[in-house]
Colleague: 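Have a look at this one.
By convention here, the first residue in the shown sequence is residue 1.
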Amino acid sequence: ERFPFQKELYNEAYNDQEAVVMKSTQVGVSAFGVRWALYHADIRGMTGLYVFPTARDVWDFSTARINPVIDASPYLRSRQHPADPDNKGMKGIGRGLVYFRGSESKRGLDSVDADHIVFDEYDTLVTANIPDAERRVTGSKYGLIRRVGVPTVPDYGIAGLYGASDQRVWRVKCGACGKWQDIDFEKNVDIERGIRVCAGVDCRKPLDVAKGEWVANYPDRDVRGYHITRLIAPTASLTTIIAASKKRAMYEQQVFHNKDLGLPFAPAEGRLSREALAAAQSIGGGYTMQPGYHGENLVTMGVDVASARDLNVRISEHLTDHKKRALWIGTVGSFDHLGLLMERYQVGMAAIDHLPDGRLSRAFAEKFPGRAYLVSYDGTQNPTDSRVLKVDEEMRHARVRRTEAIDAMAEMIRSQTNQLPADLPEGYIEQMQALVRVQEEDALGRRTVSYKRMGSADDYAHAEVYDLVATELWYYRTGVAEAQRDVYKPLEDFMEFERSNLANYG
């Protein structure tokens with residue numbers, strides 16, 4: 001009665017190989033995920049894996065959500081035997097069992113050979129460990145996967161998966177005029193009356209959202225994808241949703257779109273615009289990239305290393321007034337080519353990604369001592385340490401805070417102090433726009449800011465960041481060199497002393 005749109009999830013989607021649910025909060029989908037996992041373990045004797053963002057989430061969810069589901073059902077209680085495991089990390093039920101794990105523990109995920117798996121709160125999982133978890137079902141003849149979560153930004157995480165699915169939407173028929181419609185906040189919510197209404201301009205009668213059906217926008221696609229918003233839950237408080245829509249702070253707008261509407265949201269100032277990138281090109285007068293450099297100015301280079309793609313490179317000539325212009329932007333196939341670029345452009349300082357192949361990156365830094373450093377992102381926030389950049393001179397390794405570094409890179413584009421050539425390489429614009437600045441709340445209610453990737457690649461954006469880091473490393477190196485340089489002064493500057501005339505042959 002509370003969630004009539006869930007019937008298809010139970011009746012039709014329960015046995016599909018894969019399914020995606022992009023949802024808002026408080027629509028009962030996590031309860032569906034628990035029941036789905038328990039069902040396949042109980043009836044079919046399968047081993048399930050339920051993945052949460054953290055182990056702490058597992059403990060809380062087990063206490064607040066899983067145990068009540070079992071305790072409230074005489075049937076499920078009868079399917080638990082005294083010898084079955086029954087703790088916060090594992091539940092025996094019927095002929096099978098379900099493991100509950102946090103995504104931050106690769107070892108915990110690797111320890112389970114599963115037949116079916118649920119990824120809950122998908123966008124807050126530890127992304128690097130998701131492939132490891134998915135591999136746990138590849139050896140099963142079943143291999144069922146459910147991905148569920150509140151979206152954050154477009155084309156990322158659960159929003160990206162929903163975009164690749166058949167994109168099912170809840171379509172409702174107006175009882176007054178007969179118009180079929182997808183439920184949309186702008187079209188179907190009458191803010192003055194505080195009710196859901198028909199989107200028809202000549203109708204606007206109250207709408208019963210319980211009387212709807214799922215319709216796929218792309219029925220030929222193999223994976224079912226559901227978009228579930230609080231607007232289609234008949235008992236959801238519309239007053240609360242309307243109040244959230246009126247808040248204007250960027251973080252509050254993001255919360256409204258993500259958690260009330262179940263939609264991804266990217267604030268306009270959260271990503272580089274095409275207009276800002278075009279302006280950075282025009283400020284340089286439409287120049288083209290150079291085959292080499294033989295001037296007197298400082299030249300820096302930033303290199304992003306991808307695991308399965310070429311090395312992305314940005315090389316800059318530093319002008320006066322804290323401005324720089326790109327001499328060359330592109331990709332090379334090997335570290336040997338990087339060495340040729342160092343000499344061809346007279347690079348004074350290079351910053352290179354330390355991952356994924358740290359061995360090759362370190363060998364490159366050793367080949368150019370004092371002119372090349374490995375760089376890694378530092379995501380930690382130590383309130384007693386305000387340094388954005390930390391340098392280990394002995395290891396030729398620099399750590400830079402990720403969010404602040406990307407902020408600074410983007411600001412140089414917006415302020416037109418980073419000049420771009422007219423002949424940018426293919427994919428550069430898209431990759432520069434791939435990073436989106438978002439604000440979220442952590443488990444303690446603290447507001448955090450980070451960048452998430454939209455799209456398939458962001459290598460050029462990170463190459464730009466590393467080029468900025470190379471600039472700071474140059475000034476760091478020259479500052480250290482100046483501080484360590486021995487300065488000799490005549491003795492008479494320190495004490496009364498008169499030199500002899502012995503050397504004065506005249």
Colleague: Locate the shortest heavy-atom distance separating Leu263 from Pro151; write the atom from each residue and the value.
Modeller: C-CG, 3.5 Å

Colleague: Between Tyr466 and Tyr377, is the ring pair (Phe, Tyr, Trp, His ring centres under 6.0 Å) condition met? List the steps.
Modeller: CA-CA 10 Å; Tyr466 295 138; Tyr377 284 131; 5.6 Å; yes

Colleague: Would you confirm whether the ring centroid of Phe61 sits within less than 6.0 angstrom of the ring centroid of Phe100?
Modeller: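 No - the distance between ring centres of Phe100 and Phe61 does not fall below the 6.0 Å cut-off.
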
Colleague: On a heavy-atom basis, which atom in Ala133 and which in Ile117 lie closest, and how many Å separate them?
Modeller: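 For Ala133 versus Ile117, the nearest heavy atoms are O-CD1, 3.6 Å.
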
Colleague: Main chain of Thr288, side chain of Gln290: is a donor-acceptor contact present, judged purely on distance under 3.5 Å?
Modeller: yes

Colleague: What are the two closest non-hydrogen atoms of Thr403 and Tyr451, and how far apart are they?
Modeller: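 Distance-wise, the nearest heavy atoms are O-CE1, 3.7 Å.
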
Colleague: Can you spot which of Asp458, Val153, Asp123 makes a side-chain contact (heavy atoms from CB on, under 4.5 Å) with Lys452?
Modeller: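 Exactly one pass, corresponding to Val153.
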
Colleague: Would you name the heavy atoms of Gly143 and Ser140 that are closest together and state the gap between them?
Modeller: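 Heavy-atom minimum between the residues: N-OG, 3.5 Å.
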
Colleague: For Gly225, is there any backbone N or O sitting under 3.5 Å from a side-chain donor or acceptor partner on Asp166?
Modeller: yes

Colleague: Tell me if a side-chain donor or acceptor on Arg314 pairs with a main-chain N or O of Val465 at a distance below 3.5 Å.
Modeller: no

Colleague: When the ring planes of Phe5 and Trp170 are compared, do they come out parallel, tilted or perpendicular, using 30° and 60° as the limits?
Modeller: perpendicular

Colleague: Would you say Asp60's side chain and Asp57's backbone share a donor-acceptor pair under 3.5 angstrom?
Modeller: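 No, because the side chain of Asp60 does not come within donor-acceptor range (under 3.5 Å) of the backbone of Asp57.
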
Colleague: Treating Gln431 as the side-chain partner and Tyr460 as the backbone partner, does any N or O pair qualify as donor plus acceptor under 3.5 Å?
Modeller: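 Pair found, side chain donor or acceptor close to backbone of Tyr460.
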
Colleague: Looking just at side-chain N and O atoms, do Thr300 and His318 make a donor-acceptor pair shorter than 3.5 Å?
Modeller: yes

Colleague: Kindly give the heavy-atom pair with the smallest separation between Arg135 and Asp132, and that separation in Å.
Modeller: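 In terms of heavy atoms, the two residues are closest at NH2-OD1, 2.7 Å.
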
Colleague: Distance check, rounded to the nearest 0.5 Å: Glu121 atom CD versus Lys23 atom NZ?
Modeller: 5.0 Å

Colleague: Are side-chain N/O atoms of Asp113 and Thr47 paired as donor and acceptor at under 3.5 Å?
Modeller: no

Colleague: Will you find, in the side chains of Tyr226 and Glu8, an N or O donor that is under 3.5 Å from an N or O acceptor?
Modeller: yes

Colleague: Does the ring of Phe368 carry Arg371 above it, NZ/CZ under 6.0 angstrom from centre and within 45° of its axis?
Modeller: no

Colleague: Mind listing the closest non-hydrogen atom pair of Pro421 and Leu424 along with its distance?
Modeller: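 The answer is O-CG, 3.5 Å.
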
Colleague: Using a cut-off of 6.0 Å, state whether more than 12 heavy atoms not belonging to Glu426 lie near its atom CD.
Modeller: no

Colleague: Once you measure the plane-to-plane angle for Phe364 and Phe335, does it fall in the parallel (<30°), tilted (30-60°) or perpendicular (>60°) bin?
Modeller: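 Taking Phe335 first and then Phe364, their aromatic rings sit tilted (interplane angle of 30° to 60°).
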
Colleague: Are more than 12 heavy atoms, taken from residues, nucleotides or ligands other than Arg221, located less than 6.0 Å from that residue's CZ atom?
Modeller: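 Atom CZ in Arg221 is crowded, with more than 12 foreign heavy atoms closer than 6.0 Å.
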
Colleague: Going by the ring pair (Phe, Tyr, Trp, His ring centres under 6.0 Å) test, which pairs reach into residues 256-277, not counting sequence neighbours?
Modeller: Phe185-Phe256, His257-Phe265

Colleague: For Arg271 and Gln433, indicate whether the former's side chain and the latter's backbone hold a donor-acceptor pair under 3.5 Å.
Modeller: yes

Colleague: Pair Arg101, Asn129 - check side-chain hydrogen bond (donor to acceptor under 3.5 Å, both in side chains), show working.
Modeller: CA-CA 12 Å; Arg101 293 287 187 265; Asn129 292 338; over 6 Å; no

